[in-house]
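I have placed the structure first, in the form of structure tokens, so that the comments after it can refer back to it.
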Amino acid sequence: MNFSGKPGLLNIPTAIETKSGSLIAGYAYNPVKYSFRRNGIQSESIYYVNLTILSRLDLNLNLMRMNGETRFQDKGIGDRQLDLKYLILKEKKYQPSLALYLSMPFAIDNSFTTNALVATKTFKLSNNFFAEVTGGYGSPVYIKRGDSEKENSNIFSNLKIQNKNTDKRYKYLSGPIGGLNLRYQNKGGVMLEWDSRHFNIGAYGKLFKKWTIQAGVINFDQVTFGTSYALNLKALPKRLKKANENK
């Protein structure tokens, strides 16, 4: 999972298909130099939940909080963001998977709005090693609600079209993006990516098939890390599986 809780590498999302009923919860650390809210002053913690509702549709909810001492009126509950992923094409022998990511414009000030189209293709290098190659484009244009809560009588009021490149905090996924996941079976791997601003590298490993731990270096100078745990809500408990098998 990328740092905002989407199927991906370090910062960028990928078009990897997730199974229907998959529920993934996790945490990621965004270092001081590349934080969004108080860049160069405070690092950030991102908590997320990702649910694959249908075989092609993912719902992602994340909460970003600044680390360290901050006035409550500045920190609040945290920056909440709702995102959707729609899998337009599923990967086939000669066809990459293609996914569209959209951030809902309901929040007043989302920090890492993701409006992107990405494609991913898996290449088998040997019986155990695979290369997942991703390429895509992040739109610099997004829809934003007004900064003042007094101007917002409901979630659809005071919507404005903004350009990420006019605000230093919002250059995330603004332009061409791409990356490589070189993995050993489904147990771990190394990652390389271009997130439209920086080159990043990292590695990850899976424990007990459900728990993932990963870490990386953003722009070759600051460390990021995260962890996630996956469940499948459609999987039957062992007792029910045995009962069905005995029928």
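Position 1 is the first residue of the sequence; numbering continues from there. All heavy atoms count here, side chains included; hydrogens, waters and symmetry mates do not.
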With a 4.5 Å limit on heavy-atom distance, are the side chains of Ser97 and Leu89 in contact?
-> no
Is Lys92 close enough and on-axis enough to Tyr94, meaning under 6.0 Å and within 45°, for cation-pi?
-> no
Would you confirm whether Thr134, through its side chain, and Gly178, through its main-chain N or O, come within 3.5 Å as a donor-acceptor pair?
-> no
Locate the shortest heavy-atom distance separating Pro7 from Lys85; write the atom from each residue and the value.
-> CG-NZ, 4.1 Å
Go through the steps for Tyr137 and Leu117 under the test side chain to side chain contact (heavy atoms under 4.5 Å, CB included), then give the verdict.
-> CA-CA 6 Å; Tyr137 187 81; Leu117 185 67; 5.7 Å; no
Side chain proximity check, Leu125 to Leu182, heavy atoms < 4.5 angstrom | yes
Short side-chain to backbone donor-acceptor contact, Thr120 and Ala15, under 3.5 Å = yes
Please determine if Glu44 and Arg37 form a salt bridge, counting it only when a charged side-chain N lies under 4.0 Å from a carboxylate O.
-> no
Indicate yes or no for a side-chain donor-acceptor contact from Asn200 to the backbone of Asn219 under 3.5 Å, with no hydrogens or angles considered.
-> yes
So does Ile161 have more than 12 non-hydrogen atoms from other groups sitting under 6.0 Å from CD1?
-> no
Taking atom types as modelled, find out whether Asp58 and Thr52 have a side-chain donor-acceptor pair closer than 3.5 angstrom.
-> yes
Under 3.5 Å, side chain of Gln222 to main-chain N/O of Lys33, donor-acceptor pair present?
-> yes
Just jot down the side-chain contact (heavy atoms from CB on, under 4.5 Å) partners of Ser45, sequence neighbours excluded, or say none.
-> Tyr27, Tyr47, Asn67
With a 3.5 Å cut-off and no angle check, do the side chains of Gln81 and Asp83 form a donor-acceptor pair?
-> yes
Flag if over 12 foreign heavy atoms under 6.0 Å of NZ, Lys210 = no
So, the side chain of Glu17 versus the backbone of Lys90: is there a donor-acceptor pair under 3.5 Å, distance only?
-> no
Using atom types as modelled and distance alone, determine if a side-chain donor or acceptor of Asn115 lies under 3.5 Å from a backbone N or O of Pro140.
-> no
Once you round to the nearest 0.5 Å, how far does OH of Tyr204 lie from CZ of Arg183?
-> 6.5 Å
Between Tyr172 and Phe3, ring centroids under 6.0 Å = yes
Examine the side chains of Lys164 and Thr113 and answer whether a donor and an acceptor come within less than 3.5 Å of each other.
-> no
Heavy-atom closest contact (Ser196 atom, Leu173 atom, distance) = OG-N, 3.4 Å
Classify the side-chain pair Ser4/Asn62 by whether it contains a donor and acceptor separated by less than 3.5 Å.
-> no
Does a donor on one side chain sit under 3.5 Å from an acceptor on the other, for Ser35 and Ser43?
-> no
Looking only at atom types and distance, does a side-chain atom of Lys121 sit under 3.5 Å from a main-chain N or O of Lys93, one as donor and one as acceptor?
-> yes
